[in-house]
Amino acid sequence: MADRHAGKPETPDIKMPDPAEVSAAMTNIAERSQRLINDFIARQSAQPETPTFDPLNIAGAFLEMTTRLMSDPAKLVEAQVSLWQDYMNLWQSTARRMMGEDPTPVVEPDKSDRRFKDDAWKDNDVFDFIKQSYLLTSRWVQSLVNDVDGLDDKSAQKVDFYTRQFIDAMAPSNFVLTNPEVLRVTAETGGENLLKGLEHLLSDLERGNGRLRISMTDETAFEVGRNVATTPGSVVFENDLIQLLQYSPTTETVGTVPLLIVPPWINKFYILDLRDKNSFIKWCVDQGLTVFVISWVNPDETLADKSFENYMLEGSLAAIEAIIRQTGSPKVNAVGYCLGGTLLASTMAYMAATKDDRLGCGTLLTTLTDFTDPGEIGVFIDDEQLKALDERMQRTGYLDGSDMATSFNMLRSNDLVWSFVINNYLLGKEPFPFDLLYWNGDSTRMPAAMHSFYLHNMYQENNLIKPGGITLCGTPLDLRDIKVPVYMLSAREDHIAPWKSTFAATQVFSGKVRFVLGASGHIAGVVNPPVSKKYCYWTNSKKVKSADTWLKGAEQHDGSWWSDWIEWLKPASGPQIPARKPEDGPLGVIEPAPGRYVKVRAV
C-alpha cells in the first residue's frame, strides 16, 4: 500500500529565541501595556455615566429563542441525535484515514472559505479532524437556531447574525494551537511571530486610544492627493458641509450638461478615485463630461446640529446651484452612491415638489429608498439600540467613524476581522499595502442630528417610501413625483444595499427607469472599470413588478456597467462645447483637488 504521507514537507527546524531580544521585546510590551491600562482607568473615571449593559440588545433575542427552543424538547433531542450521528461518521472516517484509506470527507468547507486554505487542513489527519469537527458543530448550531418556530423576523435575524459572529470567532484557525500555519511559523521563528503579533496588537490599541482598531493595510504607504485621489482638478466652492471639486478636462470638447457626483458621507469620496486605472471619476472626465464631486466634511462636535435637511440644502442643492453658476448650464445631471443616492432621491423629490427643473437626470448606485428589508445591517436597528446610540451621540455631538466601520466589518467578519487577526497577531506579519483597505479605514464621523434622523426615518420607520412620510424645508416628499429619467445600478452580492430591496424604487418613480444589475458587491460591483473585464452585468428593458421576475428575464452582458451607463447618459449630456477648465469659471479656484476636507482623519 502506498504511503499516503509520502512527499509531505518535513517538520521545520525549531529556532530557539534569543533571550536578549525576547527580554527587550517583553520590557517594551510591558511598558506600553501599563500606559494603555492607565489611560483606560483615567477615561473610565472621567465617565460617570453607567454604560449600557447590553447596547446591542442581544440578550432579549437569545432569551426568546432559548425559551421557544426548550418548549419543544423532542426537536432538541432530534437535533442532538443528528449531531452525534455526524460525529460518529467523522470518527469512523478519521479512523479509516489513519489506517491508510482515503475516505470521502464527512463535511467540507465552502470553496470560498479561505480559512482552511493551508494544505495541512487537508493532508494532516489531526487538523483535518479539527476542521471537520468545527464545520459539523457550526452547521448544527446554525441549523438549530434557524429552526426555532414562533420567533418574529427581527429577533430571528438578530439570533442568526450573532450566532454566526460567535461561530466565526470560534473557528480553529483563530487560535495558535489549532492553526497549523501558525504552529509552523512559530517553530520556524522561535516564537518571534507571536512577539511581533503582540506588538501589533498593542499598536492597534494605541492607535484606537484603547479600543482595538485592527490595521488592515500599511497606512504609511498611502497619502490622499499623492497616490490616491489624484485626478487633477480644483475646489471651486465650499461651505460648512462640503467642498465642491471640479475636475480638469482631458478632452477638447465636453457635453453641455455637467455631471455632479454625490458620494456617501459615511465614507470618503475617493473610493471613486483610488487609482487612474479604476477611477470612476477620471473615466467620466475622459468620456467628455464636466465632472463635479462633493467632498463632505469630516464633522466634529461643532456640527452636531447639522440635520439631513442641512445635508440637502448645503450639500446637493448648494452643489447644483454652484455648478450652474460655474458652467452657465441651466441643467445638471447627478449621480448618487449609496447614502448619497438616498440623499439624491430625496433631493429629486424635493425639487419635483417645488417645481425646480434644474436636474436633467439622476443615477442611483446601490441605493436604498425602500428600507423594508435593509439586509443584515438591520440587526443594529431597533428601539433599544437607537436609544443608546442617540444618548451617546448627544454626549459627543457625533457618531465616531469607528463605530460604523465596526458594524460594516461585522457583516463580513471572516474577511474583514479574523483574517487580519491571524495575519497581524498570530503570524506577526505586517499588513499588505492595499489602497481599498486604506480607504476603508479612513473613516468619517456622523453629526448627531443628521444621523439620528437618518436612522429613525429611513431604517426604523421607512418613511421615505411613504408619500409625505418625510418633510424637508416644510415640503412633504413623495418619490412618486420624480419624473426625470433615472438609471439604477445595484449589485447582486451587495450586503449593505440588497439589490432586491433597491429594485423597489423602479415601481415608485414616475419617470423612465433603467435598472441594471452588476455582479459582485457594494464596492466591486460599482468600481468595475471596462478595462478590467472582471465582472458582468444584467439588463432587462421590460417593466416588471418583482425583482425575481426581472432577473429571470434579464440578459447577461460581459464587461462593465460603465459602458452601458455612458450610452444612456449621452443624450442627456447635450451637444458638445469647448471643454471647461475650473480656473476659467466665475467661482474661481480655492485650492487644488482633492481639497482639505477629505484629508481630515477621524483617528
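Sequence positions, counted from 1, serve as the residue numbers for this chain. Keep in mind it's a predicted model, so treat the numbers as computed, not measured. Scope of the values below: all heavy atoms of this structure, side chains included, with no hydrogens, waters or symmetry mates.
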Has the side chain of [X] got a donor or acceptor atom that lies under 3.5 Å from a matching backbone atom of [Y]?
{"X": "Ser532", "Y": "Asn528", "answer": "no"}
{"X": "Asn457", "Y": "Phe453", "answer": "yes"}
{"X": "Arg601", "Y": "Thr444", "answer": "no"}
{"X": "Ser307", "Y": "Asn310", "answer": "yes"}
{"X": "Thr502", "Y": "Trp499", "answer": "yes"}
{"X": "Gln326", "Y": "Pro582", "answer": "yes"}
{"X": "Arg596", "Y": "Gln243", "answer": "no"}
{"X": "Ser295", "Y": "Ile242", "answer": "no"}
{"X": "Asp481", "Y": "Ala352", "answer": "no"}
{"X": "Gln246", "Y": "Phe237", "answer": "no"}

- Message: Does Leu260 form a side-chain contact (heavy atoms from CB on, under 4.5 Å) with Ile294? I'd like the steps, not just the answer.
- Response: CA-CA 8 Å; Leu260 167 65; Ile294 288 177; 3.9 Å; yes
How long is the straight-line distance from [atom2] of [Y] back to [atom1] of [X], given to the nearest 0.5 Å?
{"X": "Trp565", "Y": "Leu489", "atom1": "CH2", "atom2": "CG", "value": "10.5 Å"}
{"X": "Lys599", "Y": "Asp442", "atom1": "NZ", "atom2": "CG", "value": "12.0 Å"}
{"X": "Asp286", "Y": "Ile281", "atom1": "CG", "atom2": "CD1", "value": "12.0 Å"}
{"X": "Leu289", "Y": "Asn333", "atom1": "CG", "atom2": "CG", "value": "8.5 Å"}
{"X": "Leu313", "Y": "Leu241", "atom1": "CG", "atom2": "CG", "value": "10.0 Å"}
{"X": "Tyr337", "Y": "Leu272", "atom1": "OH", "atom2": "CG", "value": "6.5 Å"}

For a quick test of reading the model, state the closest non-hydrogen atom pair linking [X] to [Y] and the distance between them.
{"X": "Ala505", "Y": "Met488", "answer": "CB-CE, 3.8 Å"}
{"X": "Ile320", "Y": "Leu359", "answer": "CD1-CD1, 4.3 Å"}
{"X": "His200", "Y": "Tyr425", "answer": "C-CE2, 3.9 Å"}
{"X": "Ser443", "Y": "Asn298", "answer": "O-ND2, 3.4 Å"}
{"X": "Glu301", "Y": "Thr396", "answer": "CB-O, 3.3 Å"}
{"X": "Tyr487", "Y": "Trp561", "answer": "OH-O, 3.7 Å"}

Any side-chain heavy atom of [X] within less than 4.5 Å of one from [Y]?
{"X": "Gln394", "Y": "Glu391", "answer": "no"}
{"X": "Gln460", "Y": "Asp383", "answer": "yes"}
{"X": "Thr163", "Y": "Asp160", "answer": "no"}
{"X": "Asp357", "Y": "Lys331", "answer": "yes"}
{"X": "Pro299", "Y": "Met446", "answer": "no"}
{"X": "Ser452", "Y": "Met393", "answer": "yes"}
{"X": "Leu368", "Y": "Met458", "answer": "no"}
{"X": "Tyr438", "Y": "Glu223", "answer": "no"}

- Task: Kindly state each residue pair satisfying side-chain hydrogen bond (donor to acceptor under 3.5 Å, both in side chains) with at least one member in residues 342-351, sequence neighbours excluded.
- Result: Ser316-Thr347
- Considering the options Ile482, Leu477, Leu479, which one meets the side-chain contact (heavy atoms from CB on, under 4.5 Å) requirement together with Met348? Ile482
- Does the separation of the ring centres of Trp296 and Tyr311 fall below 6.0 angstrom? yes
- Message: For Phe269 together with Tyr597, are the ring centres under 6.0 Å from each other?
- Response: no
- Task: Test side-chain contact (heavy atoms from CB on, under 4.5 Å) on Val508 and Asp370 and set out the steps.
- Result: CA-CA 10 Å; Val508 176; Asp370 184 342; over 6 Å; no
Looking at [Y] and [X], is any side-chain nitrogen of the basic one under 4.0 Å from a carboxylate oxygen of the acidic one?
{"X": "Arg580", "Y": "Asp584", "result": "no"}
{"X": "Arg275", "Y": "Asp435", "result": "yes"}
{"X": "Asp204", "Y": "Arg207", "result": "yes"}

- Item | Within 6.0 angstrom of Lys154 NZ, more than 12 heavy atoms from elsewhere | yes
- Item | Enclosure of Lys466 NZ (heavy-atom neighbours >12, cutoff 6.0 Å) | yes
- Message: Going by ring-ring contact (aromatic ring centres under 6.0 Å, His included), name the residues that satisfy it together with Trp562, two or more places apart in sequence or in a different chain.
- Response: Phe280, Trp283
- Task: Quick one: list whatever passes ring-ring contact (aromatic ring centres under 6.0 Å, His included) with Tyr454, sequence neighbours left out.
- Result: Tyr459
- Message: Ring-plane angle category for Phe380 and Phe161, please: parallel below 30°, perpendicular beyond 60°, tilted otherwise.
- Response: perpendicular
- Passes side-chain contact (heavy atoms from CB on, under 4.5 Å), Asp273 versus Val293? Steps please. CA-CA 11 Å; Asp273 190 29; Val293 173; over 6 Å; no
- Using the side-chain contact (heavy atoms from CB on, under 4.5 Å) rule, take Leu437 and Phe432 through it: C-alpha gap first, then chi angles, then the decisive distance, then the call. CA-CA 9 Å; Leu437 291 177; Phe432 185 78; over 6 Å; no
